[in-house]
Protein chains: 2
Amino acid sequence: MNGAQKTPRTPPIDPVLFAKALADETRQEIMKRLCCCWLSVTDLVEQMEGRINQPTVSHHLKKLEEAGLVRVRREGRHRYYTLNQEHLTVCCDMLVTTFAPQQTDVDHSTVL
Amino acid sequence: MNGAQKTPRTPPIDPVLFAKALADETRQEIMKRLCCCWLSVTDLVEQMEGRINQPTVSHHLKKLEEAGLVRVRREGRHRYYTLNQEHLTVCCDMLVTTFAPQQTDVDHSTVL
DNA sequence: TATCCTGATTGATAATCGTCGATTTGTCAA
DNA sequence: TTGACAAATCGACGATTATCAATCAGGATA
């Protein structure tokens, strides 16, 4: 009885990294499929119905993970991914704040 | 007494277009400089202090305009740009909504 | 008109990025 | 061990994109 494990690292709060992670149609489709459940890479490949294959899905998941937008859970030989809703919300709030007027350069390198 | 004129078209609500517009460091810097005032292309080029030149600034402004993130005002031979705060907020809200769970595919092609 | 100024457009180039086939790594079950 | 499966990594290729120099279009002023 082990293996189950959450992503530990605090997600990066970086407006450019965040936007780049979202700046792809395929990645957004993956995010939609992960918004309500945990799916493995194989699950995602199946749901894409031959439009993209396994290495590509892995590649996109890596980018999303680097941006802190997905959580990973390892279970046996599977890895289950799900969307990190909280971080998405935090980043969206940060965007609005970053580009708000009367802005005196908020520091986003440290988590609030 | 004429010339002064706002951008008429309702900005597009498209999560991928929005993210792509934000997915560049230079563009985000331009957005920061436009968040509190109206600046001309020449103003922006000066503020960038030789790091990017005029055609590049124009190119970035075009992308931001296509995403509805800047407003333009023509005045004589000048064109003044400023950030469209409202649309930025709308798009961020849309992102959170789009990837929220219990989502029954909200239509974003029509403005709310 | 001619000239100057502002900013958009074009064409070329280099860098980045998405995609895939092939391979590798890691885990479970015989 | 071995074999089977899941998923990451690697290398290559094509498409997209950021950038710049050069040019062009429109408006102001003389």
Side-chain angles (χ1 to χ4, degrees), chain A residues 1-5 7 14-31 33-34 38-67 69-82, chain B residues 1-5 7 14-31 33-34 38-67 69-82:
Chain A
M1 184 68 72
N2 79 338
Q5 179 182 354
T7 334
D14 176 342
V16 177
L17 183 67
F18 172 65
K20 284 190 174 180
L22 285 165
D24 182 80
E25 178 139 34
T26 305
R27 225 136 51 211
Q28 289 205 7
E29 183 173 348
I30 290 175
M31 287 174 66
R33 298 185 186 280
L34 294 179
W38 294 81
L39 295 177
S40 69
V41 176
T42 311
D43 294 336
L44 283 168
V45 173
E46 281 174 5
Q47 292 197 13
M48 297 302 203
E49 284 163 331
R51 284 187 294 116
I52 58 178
N53 61 7
Q54 183 263 315
T56 305
V57 171
S58 277
H59 169 251
H60 286 310
L61 288 172
K62 188 180 181 184
K63 294 215 128 189
L64 291 173
E65 194 182 353
E66 285 168 353
L69 285 168
V70 294
R71 299 185 201 275
V72 199
R73 180 163 51 93
R74 296 156 211 86
E75 222 170 81
R77 46 184 151 181
H78 292 263
R79 289 168 92 92
Y80 292 98
Y81 291 85
T82 197
Chain B
M1 186 69 69
N2 78 338
Q5 179 181 354
T7 334
D14 176 342
V16 176
L17 183 66
F18 172 65
K20 284 190 173 180
L22 285 166
D24 182 82
E25 179 139 36
T26 304
R27 225 137 49 211
Q28 289 205 7
E29 185 173 345
I30 290 175
M31 288 174 66
R33 298 185 187 280
L34 294 179
W38 294 81
L39 294 177
S40 69
V41 176
T42 312
D43 294 336
L44 283 168
V45 173
E46 281 174 6
Q47 292 197 12
M48 296 303 204
E49 284 163 330
R51 284 188 293 114
I52 58 176
N53 60 10
Q54 182 263 315
T56 306
V57 171
S58 276
H59 168 250
H60 286 309
L61 288 172
K62 187 179 182 184
K63 293 215 127 190
L64 291 173
E65 194 181 353
E66 285 168 355
L69 284 168
V70 294
R71 300 185 200 275
V72 199
R73 179 162 52 92
R74 296 155 210 87
E75 221 171 80
R77 45 182 153 184
H78 291 264
R79 289 169 92 92
Y80 291 99
Y81 291 86
T82 198

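Reckoned from all heavy atoms, side chains included, excluding hydrogens, waters and symmetry mates.
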Exercise for the section: Select one nucleotide: of C:dC20, C:dG7, C:dT19, the one nearest the side-chain heavy atoms of A:His59. Expected result: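 Within the option list, the nearest is C:dT19.
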
Practice task
Using the test side-chain contact (heavy atoms from CB on, under 4.5 Å), find all partners of A:Ile52 that sit at least two apart in sequence or belong to another chain.
Solution key: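 Per chain and number, A:Ile52 pairs via side-chain contact (heavy atoms from CB on, under 4.5 Å) with A:Thr26, A:Met48, A:Thr56, A:Val57.
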
Practice task
Name all residues meeting the ring-ring contact (aromatic ring centres under 6.0 Å, His included) criterion together with A:His59; count only those two or more places apart in sequence or in a different chain, and write none if there are none.
Solution key: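 Not a single residue meets the ring-ring contact (aromatic ring centres under 6.0 Å, His included) criterion with A:His59.
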
Practice task
Report which part of the nucleic acid B:Thr42 touches: base, sugar-phosphate, or nothing (heavy-atom distance under 4.0 Å, all strands).
Solution key: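 Sugar-phosphate, backbone atoms only, no base.
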
Practice task
Flag the pair B:Asp43 / B:Tyr81 as yes when at least one side-chain heavy-atom distance between them is below 4.5 Å, and no otherwise.
Solution key: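 No, their side chains stay 4.5 Å or more apart.
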
Exercise for the section: Could you tell me whether the side chain of A:Arg27 reaches within less than 4.5 Å of the side chain of A:Leu22, counting heavy atoms only? Expected result: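 The answer is no; the side chains never approach within 4.5 Å.
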
Interatomic distance, [X] [atom1] vs [N] [atom2] [rounded to whole Å]:
X: A:Lys63; N: C:dT16; atom1: NZ; atom2: P; answer: 11 Å
X: A:His78; N: C:dA29; atom1: NE2; atom2: P; answer: 10 Å
X: A:Asn53; N: C:dG18; atom1: CG; atom2: C1'; answer: 11 Å
X: A:Gln54; N: C:dT25; atom1: CD; atom2: C1'; answer: 12 Å
X: A:Arg27; N: C:dG18; atom1: CZ; atom2: C1'; answer: 8 Å
X: A:Leu61; N: C:dT19; atom1: CG; atom2: P; answer: 12 Å
X: B:Tyr80; N: C:dT6; atom1: OH; atom2: P; answer: 9 Å
X: A:Lys20; N: C:dA15; atom1: NZ; atom2: C1'; answer: 11 Å

Practice task
Identify the 5'-most and 3'-most nucleotides of DNA chain D with at least one atom closer than 4.0 Å to a non-hydrogen atom of chain A.
Solution key: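 On DNA chain D, the outermost contacted nucleotides are D:dA4 to D:dT9.
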
Problem - Contact nearer the 5' end of DNA chain D, comparing B:Arg77 with A:Tyr81 - result: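 Its nearest nucleotide being more 5', the pick is A:Tyr81.
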
Problem - Position toward the 5' end of DNA chain D (nearest nucleotide), A:Arg79 or B:Asp24 - result: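 So the residue in question is A:Arg79.
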
Handout entry: Counterpart residues, side chain to side chain donor-acceptor pair (under 3.5 Å), relative to A:Ser58 (two or more places apart)
Key =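 Side chain to side chain donor-acceptor pair (under 3.5 Å) check on A:Ser58 returns A:Gln54.
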
Problem - B:Arg33: partners by salt bridge (charged side-chain N to carboxylate O under 4.0 Å, His left out), with sequence neighbours left out - result: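 So B:Arg33 forms a salt bridge (charged side-chain N to carboxylate O under 4.0 Å, His left out) with B:Glu29.
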
Handout entry: Short side-chain to backbone donor-acceptor contact, B:Ser40 and B:Arg79, under 3.5 Å
Key =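 No, because the side chain of B:Ser40 does not come within donor-acceptor range (under 3.5 Å) of the backbone of B:Arg79.
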
Exercise for the section: Return yes when atom CD of A:Glu25 has more than 12 non-hydrogen atoms of other residues, nucleotides or ligands closer than 6.0 Å, and no otherwise. Expected result: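 Atom CD in A:Glu25 is not crowded, with 12 or fewer foreign heavy atoms closer than 6.0 Å.
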
Practice task
Decide side chain to side chain contact (heavy atoms under 4.5 Å, CB included) for B:Tyr80 and B:Arg71; before the verdict, give the C-alpha distance in whole Å, the side-chain angles of both, and the deciding distance to 0.1 Å.
Solution key: CA-CA 8 Å; B:Tyr80 291 99; B:Arg71 300 185 200 275; over 6 Å; no

Handout entry: Selection: residues 44-52 of chain A, any non-hydrogen atom under 4.0 Å of DNA chain C
Key =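 Per residue number, the list reads A:Arg51, A:Ile52.
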
Practice task
Look at the side-chain N and O atoms of A:Thr56 and state whether any lies under 4.0 Å from the OP1 or OP2 oxygen of C:dG18.
Solution key: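 For C:dG18, OP1/OP2 do not have a side-chain N/O of A:Thr56 under 4.0 Å.
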
Exercise for the section: Establish, with yes or no, whether the OP1 or OP2 oxygen of C:dT9 is under 4.0 angstrom from a side-chain nitrogen or oxygen of B:Lys62. Expected result: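 Checking C:dT9 against B:Lys62, a side-chain N or O does come within under 4.0 Å of OP1 or OP2.
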
